[in-house]
Amino acid sequence: MTTEAERIDTEEIRANLAVVTQQIEELEQQFDRLAGSVRLLAVSKTKPIEAIQAAYDVGQRAFGENYVQEAVEKRSALAHLDDIEWHFIGPIQSNKSRLIAESMDWVHSIDREKIARRLSEQRPESMPPLNVCIQINISGEESKAGVSLSQLNDMVALVSSLPNLQLRGLMAIPAPQENFAAQCLVYKPLQQAFIELSKSDSMIDTLSIGMSGDLPAAVASSSTMVRVGTAIFGARDYSAKA
Ligand SMILES: *Cc1c(COP(=O)(O)O)cnc(C)c1O
């Protein structure tokens, strides 16, 4: 059943996508980035498959999910859209790693050795290597996931040695900062680490930073993939989730 509300949503998602896409194009120009060098990952967590379909219909192909079970269900429901790229961007419990290894195209949130090893072991041989980013804890908060930049070289060596993972780059979720300058300052060490790393390996082409609140700073700081949810799909209703 197609309700009035769903039709309006679809229109809104299309309009929002156009706005965000244009914003990214303008930021690329503003910060001397090549046109098309910043990809948009549409973060569809908690949103229904109709929302993903609406974005797909206007050309969006990369979608980000945070909850394993939800991601797996959406992938099966949309299996006929076989050029969707499914990105897992949430925290990973080790007992969920198999489902991720069997169903995702990318994982942005590799934050410890055990998870990297399990994902590689559990990746089916029939599938291409899993594209992964190492999550970096750039704000240095105890509670945030991710490896510190001082541990990065060891983590890169480990991930590179695992046969069924393809290291693509780095990801971070910084603590909120007051303004553009402060956001850039926090991103600076990460940006430098990414530039160094990408010189050493041509497959390393992804810096996954930038969310609705800090797109300009992320694009100024060499982001190649921004992760945007709310600005495309609207606010999330968490009351529905246990
Ligand atoms: C939810 C989420 C996003 C998108 O956040 P919005 O505020 O909805 O744009 C980006 N990255 C990660 C890791 C997320 O969990």
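Counting from 1, the numbers follow the sequence of the chain as shown. Counting convention: from 1, in listed order, for ligands and their atoms alike.
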Which ligand 1 atoms, with their elements, are less than 4.0 angstrom from a heavy-atom of [X]?
| X | answer |
| --- | --- |
| I173 | 13 (C) |
| R227 | 4 (C), 10 (C), 11 (N), 12 (C), 13 (C) |
| I89 | 11 (N), 12 (C), 13 (C), 14 (C) |
| M211 | 3 (C), 5 (O), 10 (C), 11 (N) |
| T230 | 6 (P), 7 (O), 8 (O), 9 (O) |
| S212 | 6 (P), 7 (O), 9 (O) |

Quiz item: Can you find a non-hydrogen atom of R236 under 4.0 Å from ligand 1?
Solution: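 It does; at least one heavy atom falls under 4.0 Å.
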
Quiz prompt | Test of proximity, G229 against ligand 1: N or O pairs below 3.5 Å | solution =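 Yes, there is a polar N/O contact under 3.5 Å.
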
Quiz item: Is the closest side-chain heavy-atom distance between F63 and W86 below 4.5 Å?
Solution: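 Side chain of F63 against side chain of W86, heavy atoms only: contact under 4.5 Å found.
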
Practice problem: Could you point out which residue of R61, R39, Q60 forms a side-chain hydrogen bond (donor to acceptor under 3.5 Å, both in side chains) with E85? | Solution: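 When side-chain hydrogen bond (donor to acceptor under 3.5 Å, both in side chains) is applied between E85 and each of R61, R39, Q60, only R39 qualifies.
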
Quiz prompt | Electrostatic pair K45-E70, nearest N-O below 4.0 angstrom | solution =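 Looking at K45 and E70, the cut-off is not met.
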
Exercise. Test R75 against D82 for salt bridge (charged side-chain N to carboxylate O under 4.0 Å, His left out), laying out the working first.
Key: CA-CA 9 Å; R75 184 174 195 141; D82 62 3; over 6 Å; no

Self-check item: No-hydrogen, no-angle side-chain donor-acceptor test under 3.5 Å, N179 and Q183
Solution: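 No - no donor-acceptor pair under 3.5 Å links their side chains.
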
Quiz item: Does F180 have its ring centroid less than 6.0 Å away from the ring centroid of F31?
Solution: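 Under 6.0 Å, so yes.
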
Practice problem: Of the side chain and backbone of H108, name the one, both, or neither that has a heavy atom under 4.0 Å from an atom of ligand 1. | Solution: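 Under 4.0 Å from ligand 1, H108 contributes no heavy atoms.
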
Practice problem: Find the distance between CG (L207) and OG (S198) and round it off to the nearest 0.5 Å. | Solution: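 The CG atom of L207 sits 9.0 Å away from the OG atom of S198.
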
